[in-house]
Amino acid sequence: MVRGSGPDARVGRIVEVEAYAGEADLASHARFGRTKRNAVMFGRPGVAYVYLVYGMHHCLNVVTESEGRAAAVLIRSVEPVTGVAALRAERLRRALERADRRGPVAAARARKSIAALPDARLAAGPGLVCEAFSIDRADDGADLCDPASELRLEVDSSDEPMPAVAASRIGIEYALEPWLSVQWRFLVPGNPSLSSSRAGSVGSRG
DNA sequence: GCAAAGATTTGCT
DNA sequence: GCAAATCTTTGCC
């Protein structure tokens, strides 16, 4: 995944994703049909579907199926590759934004907290990916396959192929079976940039 | 028109 | 371990 170009580019490897497959998938935003929010999911593939979750965090998805079929892949975790300083700076900027509303003590805590983060943890979660890569609703509908796009997907052929295992999806307790426990989360086992908060406890059976 | 819950993260108890 | 922050969408009045 790439944001920007030249020396200022921010680049990371996607190491954890979740699939949401069509209107029948009771865990998907498409389960109630087409809405203003999920409209791009029904459009052509290779496009970014970005939405605001819990009123505060953005999540990045890649539309996957042909037009009219509402499927997408949620980018859950990214391993920073280049532009690490910029990723950290953006995390810090966002943390300070939140902390400043609670006073100087909170701001100092936020600085310390971001500074202590290992590089690998800068985009270790769907909301954090969007913070570190400055992704918001402005990117909704962007063509991720166009090399000229500010935000895009690229294949690094020099990379070793990464092993992936399947696991159950996260944060969809409202869904019914079989959608609740279908193994549609895919991750690179042991990668230091995997999301941690709920991912660990839900269990990542391979 | 209003209440409730959500594909999350953080900070305090 | 739990609640808060905060806005979009659904579902019911």
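Quick note on labels: first sequence line is chain A, next is B, and so on, each numbered from 1.
The pair A:E18-A:R76 meets the salt-bridge criterion, with a side-chain N (NZ, NE, NH1 or NH2) lying under 4.0 Å from an Asp/Glu carboxylate O.
A:R121 places a side-chain N or O within 3.5 Å of a backbone atom of A:L194 that can act as its donor or acceptor partner.
A distance of about 22 Å separates the C1' atoms of B:dA7 and C:dG1, rounded to the whole Å.
Donor-acceptor pairing under 3.5 Å is recorded for the side chains of A:E16 and A:S77.
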Atom pairs under 3.5 Å: protein N/O with N/O of nucleotides 11-13 of chain B:
unit_1	atom_1	unit_2	atom_2	d
B:dC12	OP1	A:R109	NH2	2.6

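Residues that satisfy the side chain to side chain donor-acceptor pair (under 3.5 Å) test with A:S157, not counting sequence neighbours, are absent from this structure. Scanning for side-chain contact (heavy atoms from CB on, under 4.5 Å) contacts around A:E177 gives A:L180, A:S181, with sequence neighbours left out. A:S28 meets the side-chain contact (heavy atoms from CB on, under 4.5 Å) test with A:Y20, A:D25, A:A30, A:M41; sequence neighbours excluded. Scored by the side chain to side chain donor-acceptor pair (under 3.5 Å) test, A:T35 finds A:N38 as partners (sequence neighbours excluded). For A:D143, the side-chain contact (heavy atoms from CB on, under 4.5 Å) partners two or more places apart in sequence, or in a different chain, are A:R44, A:C145, A:D146, A:S149.
Atom CG in A:L176 sits about 13 Å away from atom P in B:dA7, given to the nearest Å. Between the CG atom of A:L117 and the P atom of B:dT10 there is a distance of 8 Å, given to the nearest Å. Between A:M56 atom CE and B:dT8 atom P the separation is 13 Å, expressed in whole Å. As a whole-Å value, the separation of A:R185 CZ from B:dT8 P is 10 Å. Remark: P of B:dT10 and CZ of A:R121 are 10 Å apart, rounded to the nearest angstrom. The distance from atom CG of A:D100 to atom P of C:dA5 is 17 Å, rounded to the nearest whole Å. Regarding A:Y54, its OH atom lies at a distance of 9 Å from the C1' atom of B:dA5, rounded to whole Å.
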Side-chain donor/acceptor pairs under 3.5 Å, residues 104-112 of chain A, sequence neighbours excluded:
none

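OP1 or OP2 of B:dA7 has at least one side-chain nitrogen or oxygen of A:H29 nearer than 4.0 Å. OP1 and OP2 of C:dA5 both lie 4.0 Å or more from every side-chain N or O belonging to A:R94.
Using a 4.0 Å heavy-atom criterion, one finds that A:A95 contacts no nucleic acid atom at all. Within the 4.0 angstrom heavy-atom criterion, base atoms lie near A:L74.
Among pairs with a residue in residues 45-73 of chain A, those fulfilling salt bridge (charged side-chain N to carboxylate O under 4.0 Å, His left out) read A:E65-A:R69, at least two apart in sequence or across chains. Annotation: salt bridge (charged side-chain N to carboxylate O under 4.0 Å, His left out) contacts involving residues 128-141 of chain A, sequence neighbours excluded, comprise A:R3-A:D139, A:R91-A:E131, A:R98-A:E131.
Counting distance only, with no hydrogens placed and no angle test, the side-chain atoms of A:Y51 and the base atoms of B:dA7 include a donor-acceptor pair under 3.5 Å.
Using the six-membered ring where Trp is involved, A:W179 and A:W184 have ring planes that are tilted, between 30° and 60° apart.
Near DNA chain B, meaning a heavy atom under 4.0 Å away, the residues from residues 60-68 of chain A are A:N61. Contacts of residues 30-44 of chain A with DNA chain C (heavy atom under 4.0 Å): A:F32, A:T35, A:K36, A:R37.
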Per-nucleotide pairing state of DNA chain C [Watson-Crick or G-U, under 3.5 Å; [ ] pseudoknot-crossing; | other strand]:
|||||.||||||.

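Taking every side-chain heavy atom of A:R91 into account, B:dT10 is the closest of C:dT8, B:dT8, B:dT10.
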Derivation and outcome, salt bridge (Lys or Arg N to Asp or Glu O under 4.0 Å), residues A:R93 and A:E97:
CA-CA 6 Å; A:R93 188 180 71 77; A:E97 250 176 37; 2.9 Å; yes

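Interatomic distance, CG of A:L87 versus CG of A:L128, reported as 11.5 Å (0.5 Å rounding).
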